Structures are given as C-alpha cells and as structure tokens.
There are 2 protein chains.
Amino acid sequence: MVTSEPHTLQEGIEQAGHRLTYPRQAILDLVAQHPDGFTAEEVCAQLPQVGRATVYRTVKLLLDLGLVCKMTGPDGAPRYTLSVAGHHHHTLCVRCGAAADFQRCTVDLILQTLRAETAGVILGHRMEVYVLCPRCLEQEETTSSGSPT
Amino acid sequence: MVTSEPHTLQEGIEQAGHRLTYPRQAILDLVAQHPDGFTAEEVCAQLPQVGRATVYRTVKLLLDLGLVCKMTGPDGAPRYTLSVAGHHHHTLCVRCGAAADFQRCTVDLILQTLRAETAGVILGHRMEVYVLCPRCLEQEETTSSGSPT
DNA sequence: ACCGTGGTTGATACTCCGTCTCAATAATGC
DNA sequence: GCATTATTGAGACGGAGTATCAACCACGGT
C-alpha cells in the first residue's frame, strides 16, 4: 500500500495519483525553496501566472497529503511549512515568520497526564511556540539602540 | 496598581475605565451564561438588537482585558471562553465545542527544554487539545449502532 | 497521430471572521 | 441642563479560503 516514501513534493503528488501540471510544478518549486515557511498569498504574489484558486487548491492538496503543515500565528495568521516528519511541532518567529521544528514530543507527556484526567477521548492537539529567531533578535538589539519610533 | 481582582466581567470592564452600557451588559450576561465557550456569531445571533461590530468590539475588549480567551478549533474556527485563571490551556470538544480547562501546565516543561535548545527567545505559546467530551462520546456510541449517515 | 475522458485550471462570486468608518447616540462630569 | 467623549450600529471593507463553471490540457486507448 505504501509505495515507497515520497522524497519530493512532486513524487508525493504523483504517488497520490494526481497530475503534475505546470501550475503545480511552479507552486511546488516555489514552496520547496522556502523550507522555513510561506503563506498562500506569498505564493500567489510570486506566481501571477497561476490563479489564486489553484494556489489554494494545491496548498490544500499538499496539506491533505501531509506534505506541508499549517501553522497559526499569534494573531491567527496562517502559514505553511514543509512537513519533514510525520507529526511534530514548530517554533514560529513572530517577526519574520520563519518556522523551525522540534521533534522532542514532550507534548505526549502532557497528553498522557490529560488522558488519565479526561473523561472524554483525546483526538488531537496543536501546539505553537512563538519565538523571536536569532536573526530577528540580533536585528532587534541593533535597532533598539536608535530612535524608538 | 492592581485595583483588587475583578470578580465579574462587569467589574472587569468598569475597573478598566470602560462604560457599562446596555449592549455590553447584554453581551456580558450572555457570555457569563456560557462558561464552556461561545462564538462571536452565536452572540450576534442571540442578541439581534446589538450590532455585530459591537459584539466583536466587546469580545475583543474582554480579550484585551484577559477576561476571556480565544481558542482555535482544529479547522481554525475561533471560539471564546471565560478565562478563570491567568494562563491555562483547554480541551475543546470537536463535536459540541465545549471547552474545559487544564491548569497543570506541563507545557512549561516543554518550554524549558526548548529554551535550552533554541537560540532565539520564546515569546509565547498556544496549545489546544481536541477531544470528544463525555457527553458527545456517549451520543456517538448510541448513534453509531444505527444507520450510518 | 487522433480522440475522448475527466482531472485541472482560472476568473469570479461568495463565505466567514473580523475590522474600519462615520454619523448618530448615550453616558458621564460639571 | 449641557458639553464632552465613549460607544453604538449599519454597512463597507479586508484577508483567508471555498464554490462554481466553462475552458482546457494531460493522458490512455486505439
């Protein structure tokens, strides 16, 4: 059933029985170039030849196939990243939007505790950690010495 | 500076120097009756006399004052609950939307680990646990025996 | 090489959640 | 009672995403 793990987004799409059309190629290429995250509108802006609907459809497709995952910024802004492993969590830079993974799923520990306490059934979870990434942090420090707006 | 903890939403609003107008009263009353969560649109629907903008404004106000907190469903649907303690997390029933708290912030444990690993600075986090609450679970079981669909 | 099928596309309308605008209104201080 | 100011509400607007639907083009079969 599992026809060898897909190594690229292209392979993932094809293995799932979807056609690898030109617009999709373009989107996949762009996405692959932004391993630390992108927004759907960014893709739209950078691929004016491709229709908005197609961009959203393709992102949704990748989402459904588990090839990318969706994150939510502190303000609710959605953002997508390449999904390297199965289930994992991210840190999301509130300044530049860069995402990074953290596998160490200590989250499971919480869930175990919770499972014991909860009468219901735990179906899933979402965890987002908001950070200021090293690069942005540096900029912050450089800038803050000057005029405070 | 902290002028005695507010015990009701009303007090919270007044202590923050905001007027306790009739529309606000109505919203606060309604919200207080739904301790396990509500959506802005639900409030709008149940208070047709009150304008949509006012509902959203009031919810935002409560949010800013920390009197309610915002949750995000698995599909991204926003939902609000009364915020009893300072910082805490919820379980959110994917069926009925009922929210429950879990104080035990084992989350801190994750953050500690992460803090050691991350070069950047951790600013905040969000954790949502999706459950099927006991009531819905029961219904599920009762229903599932009958006609599927 | 040609054709038919149906998965895809893209323009556009629409939804949902929420914010902004702005004139009208209500609450408060004096 | 009046002026000041916060607040309201209708509706326009915005971002994110979905639905519609005719046109299209990728692919398998012949």
Side-chain angles (χ1 to χ4, degrees), chain A residues 9-31 37-65 68-81 92 97 126 128, chain B residues 9-31 37-65 68-81 92 97 126 128:
Chain A
L9 297 174
Q10 277 80 359
E11 282 176 33
I13 293 271
E14 288 191 318
Q15 280 181 24
H18 297 283
R19 292 183 187 164
L20 204 50
T21 61
Y22 182 77
R24 275 183 186 160
Q25 276 280 10
I27 295 168
L28 298 187
D29 284 351
L30 190 63
V31 164
F38 59 94
T39 66
E41 291 302 326
E42 272 167 29
V43 175
C44 288
Q46 285 177 59
L47 295 176
Q49 338 85 339
V50 179
R52 229 167 65 87
T54 301
V55 170
Y56 277 98
R57 266 190 298 244
T58 305
V59 170
K60 191 177 187 340
L61 183 61
L62 292 172
L63 217 48
D64 289 346
L65 295 177
V68 303
C69 45
K70 184 177 184 171
M71 295 177 297
T72 308
D75 55 346
R79 212 175 161 76
Y80 306 88
T81 24
L92 182 61
R126 180 206 298 265
E128 232 90 63
Chain B
L9 296 174
Q10 277 79 0
E11 282 176 32
I13 293 270
E14 288 192 318
Q15 280 180 25
H18 298 283
R19 291 178 187 170
L20 204 50
T21 61
Y22 182 76
R24 275 183 187 161
Q25 277 279 11
I27 295 168
L28 299 187
D29 284 352
L30 189 64
V31 164
F38 59 93
T39 65
E41 291 302 325
E42 271 166 30
V43 175
C44 288
Q46 287 178 56
L47 296 175
Q49 337 87 335
V50 178
R52 229 168 62 89
T54 302
V55 169
Y56 277 97
R57 267 190 297 243
T58 305
V59 170
K60 190 177 188 337
L61 184 59
L62 292 172
L63 216 50
D64 289 346
L65 295 176
V68 303
C69 43
K70 185 176 186 172
M71 294 176 299
T72 307
D75 54 346
R79 212 176 160 77
Y80 306 88
T81 25
L92 182 60
R126 178 206 300 264
E128 232 90 62

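What you see is a predicted model, and the numbers here were worked out from it, not measured in a lab. Naming convention: chains lettered A, B, ... in sequence-line order (proteins, then strands); numbering from 1 in each chain.
Distance, A:D64 CG to D:dG17 P: 13 Å, rounded to whole Å. Here D:dA16 presents its C1' atom at 8 Å from NZ of A:K70, a figure rounded to the nearest Å. Here the C1' atom of nucleotide D:dA10 and the CG atom of B:L47 are 17 Å apart, to the nearest Å.
Put simply, B:K60 has no side-chain N or O that comes within less than 4.0 Å of OP1 or OP2 on D:dT7.
Donor-acceptor pairing under 3.5 Å, judged by distance alone, is absent between the side chain of A:R57 and the base of D:dG17. The base of D:dG17 is paired with the side chain of A:R52 by a donor and an acceptor separated by under 3.5 Å.
Along DNA chain C, the nucleotide nearest to A:H18 and the one nearest to B:R79 differ in position, and the one closer to the 5' end is contacted by A:H18. DNA chain D is contacted by both B:R19 and A:A77; B:R19 maps to the nucleotide lying nearer its 5′ end (nearest heavy atom per residue).
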### Query
Given A:L47 and A:Q49, is the side-chain contact (heavy atoms from CB on, under 4.5 Å) satisfied, shown in steps?
CA-CA 5 Å; A:L47 295 176; A:Q49 338 85 339; 3.5 Å; yes
### A:L28 vs A:L62, side-chain contact (heavy atoms from CB on, under 4.5 Å): CA-CA, chis, key distance, verdict
CA-CA 9 Å; A:L28 298 187; A:L62 292 172; 3.8 Å; yes
### Query
Does the side-chain contact (heavy atoms from CB on, under 4.5 Å) test come out yes or no for A:T58 and A:V50, once each step is laid out?
CA-CA 11 Å; A:T58 305; A:V50 179; over 6 Å; no
#### Entry: Check against side-chain contact (heavy atoms from CB on, under 4.5 Å), B:V59 and B:V31
CA-CA 9 Å; B:V59 170; B:V31 164; 5.8 Å; no
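The side chain of A:P78 lies closest to D:dG17 when the candidates are D:dG17, D:dA12, D:dA10. The side chain of B:T54 sits closest to D:dG9 out of D:dG17, D:dG9, D:dT20.
For DNA chain D, no neighbouring residue in residues 21-31 of chain A is found when judged by any heavy atom under 4.0 Å.
Protein chain B contacts DNA chain C over a range whose 5' and 3' limits, counting nucleotides with an atom under 4.0 angstrom from a non-hydrogen atom, are C:dC17 to C:dA27.
The side-chain hydrogen bond (donor to acceptor under 3.5 Å, both in side chains) test applied to A:Q25 returns A:Q10, not counting sequence neighbours.
Counting all heavy atoms, side chain and backbone alike, A:T54 lies closest to A:P23 at CG2-CB, 4.1 Å.
Between the A:R126 side chain and the B:G73 main chain, a donor and an acceptor come within less than 3.5 Å of each other.
Between B:E14 and B:R24 there is no salt bridge, since no side-chain nitrogen of the basic residue lies less than 4.0 Å from a carboxylate oxygen of the acidic one.
Considering only heavy atoms from C-beta on, A:Y56 stays 4.5 Å or farther from A:K60 through its side chain.
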